[in-house]
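Since this is a predicted model, take the numbers as computed values, not measurements. In what follows, every chain begins at residue 1, and chains take the letters A, B, ... in the order their sequences are listed.
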There are 2 protein chains.
Amino acid sequence: MNHKPLLDYIHKYINLTLEEQTILLSKIIHRKYLKDQYIVQQGDICKSANFIISGCTKTFYIDKEAQEHIVTFSIEDWWTSDLGSFITQTPADFNVQCLENTELIQFTFDNLEELYAEIPKLERLFRKIVERAFVASQKRIIKNFSLTAKERYLVFKQTYPKIEQRVPQYMIASYLGITKEFLSKIKSQLSYDK
Amino acid sequence: MNHKPLLDYIHKYINLTLEEQTILLSKIIHRKYLKDQYIVQQGDICKSANFIISGCTKTFYIDKEAQEHIVTFSIEDWWTSDLGSFITQTPADFNVQCLENTELIQFTFDNLEELYAEIPKLERLFRKIVERAFVASQKRIIKNFSLTAKERYLVFKQTYPKIEQRVPQYMIASYLGITKEFLSKIKSQLSYDK
DNA sequence: AATAGATGTTAATCTAGATTAATACCATTT
DNA sequence: AAATGGTATTAATCTAGATTAACATCTATT
């Protein structure tokens, strides 16, 4: 099993001794999902925080009009979960579904609590991870308010250049909060600009 | 100086010994701001995380069209800062300004780093605080996409009943991402419904 | 009590983006 | 090669919310 991406990632934030690495590796679950499988389902309790080794997921919400709204795409070297459900162990608001075959490392709620007890430094790691995620989330709120759909699309392309090639346009439209038809219009406008 | 609200707040998440409390209190700054004063200014480096003892602040962003967009209101028993600027010690994207005379407790970046070293449990505290803030932020993104302006206004009133009475309507409109004129229309529509 | 400055309302008009619907373009599968 | 299902484009029409502007209230200050 390939743990290197996880350990490399962790070492960007904190240092772990070999012994600590062993403890950590003993409490994780390596798991593979196929394209279209669900990692978390709205209404279920989210049992794990998931670090992606390879693949791609979308985190989305189905509203009362049965409309799908994508909150995040996640790829290699990033996390995917319904954090709200995970930390409170209450039913999830979101779904997490694989857009490609996806290989990931799971931290279950109980294992993670044990890890915090055995390796207190991990509190620091996850504090820093969540801080960064929170900051990105706040910036997204601002962008949604202060930018037009076209501007948001351009920012998205620039910020996540790898994602656009990997997911269908109608999902990008959902992420941007617009219809697929309007995204198509934006793209044709942009092609005239050139 | 009144530290009780802070200690009560902390004890909802972790337990501190008396000795730890003393260390913590030795590294905080008690400070009062007047209405309209700035705690953080866009472009400056945010030097503190601030716990509000009394008063009210708005966190906002000025876009390139000089439009103000309010991200959050904060009141007693909650935090206010530009976390992105604070954690990376780079120029702030946001302004934090007092809407009332405000009394708060400041954790400077350096003092907080020292506190993490002396009381590692605080990593856990701040991990949990930021987790909750992140979850609230994600939910707000979803609401902005899936609800109409009228629905968002009703959710706002329900979620933050104390805030509406304390801040002018045009700021609530800014928080909701609509114009003050449109909020006024929504309110008159709602008054007919009754 | 009159003026000024900040806040709130109402109404007319305008526009970014939604909705609907028709059509086209793929990959697979049979 | 034709049929099926998922994806993308285009165009006509529609609507939630923005813009503009005139007017109303409510302080607070001189």
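- Remark: A/Tyr38 engages no residue in a ring pair (Phe, Tyr, Trp, His ring centres under 6.0 Å) (not counting sequence neighbours).
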Enumerate, atom names and distances included, each donor-acceptor pair closer than 3.5 Å involving a side-chain atom of residues 7-16 of chain B, sequence neighbours excluded.
{"from": "B/Asp8", "atom 1": "OD2", "to": "B/Lys4", "atom 2": "NZ", "distance (Å)": "2.8"}
{"from": "B/Tyr9", "atom 1": "OH", "to": "B/Trp79", "atom 2": "NE1", "distance (Å)": "3.2"}
{"from": "B/His11", "atom 1": "ND1", "to": "B/Leu7", "atom 2": "O", "distance (Å)": "3.0"}

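- In this structure, A/Ile172 atom CD1 and D/dT7 atom C1' are separated by 13 Å, rounded to whole Å.
- Summarising the geometry, the separation between NZ on B/Lys150 and C1' on D/dA18 is reported as 18 Å, rounded to the nearest angstrom.
- Evaluated for a salt bridge (charged side-chain N to carboxylate O under 4.0 Å, His left out) with A/Glu123, the options B/Lys121, B/Arg124, B/Lys128 yield exactly one hit, B/Arg124.
- One atom, CD of B/Gln67, and another, P of D/dG17, lie 17 Å apart when rounded to the nearest Å.
- Distance A/Glu65 CD to C/dA18 P: 14 Å, rounded to the nearest Å.
- A/Asn101 pairs by the side chain to side chain contact (heavy atoms under 4.5 Å, CB included) definition with A/Leu34, A/Lys35, not counting sequence neighbours.
- Cluster partners of B/Ile39, by chain and number: B/Tyr33, B/Val40, B/Val96, B/Leu104. The rule joins Ile, Leu, Val, Met, Phe, Trp and Tyr whenever side-chain heavy atoms lie under 4.5 Å apart.
- Residues meeting the ring pair (Phe, Tyr, Trp, His ring centres under 6.0 Å) test with A/Phe73, sequence neighbours left out: A/Tyr175.
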All N/O pairs under 3.5 Å across the protein-nucleotides 7-16 of chain C interface:
{"from": "C/dT7", "atom 1": "OP2", "to": "B/Tyr170", "atom 2": "OH", "distance (Å)": "2.8"}
{"from": "C/dG8", "atom 1": "OP1", "to": "B/Gln169", "atom 2": "N", "distance (Å)": "3.1"}
{"from": "C/dG8", "atom 1": "OP2", "to": "B/Gln169", "atom 2": "N", "distance (Å)": "3.0"}
{"from": "C/dG8", "atom 1": "OP2", "to": "B/Tyr170", "atom 2": "N", "distance (Å)": "3.3"}
{"from": "C/dT9", "atom 1": "OP2", "to": "B/Ser184", "atom 2": "OG", "distance (Å)": "3.3"}
{"from": "C/dT9", "atom 1": "O5'", "to": "B/Ser184", "atom 2": "OG", "distance (Å)": "3.3"}

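- For the pair A/Ile186 CD1 and C/dG17 C1', the interatomic distance rounds to 9 Å; values are reported in whole Å.
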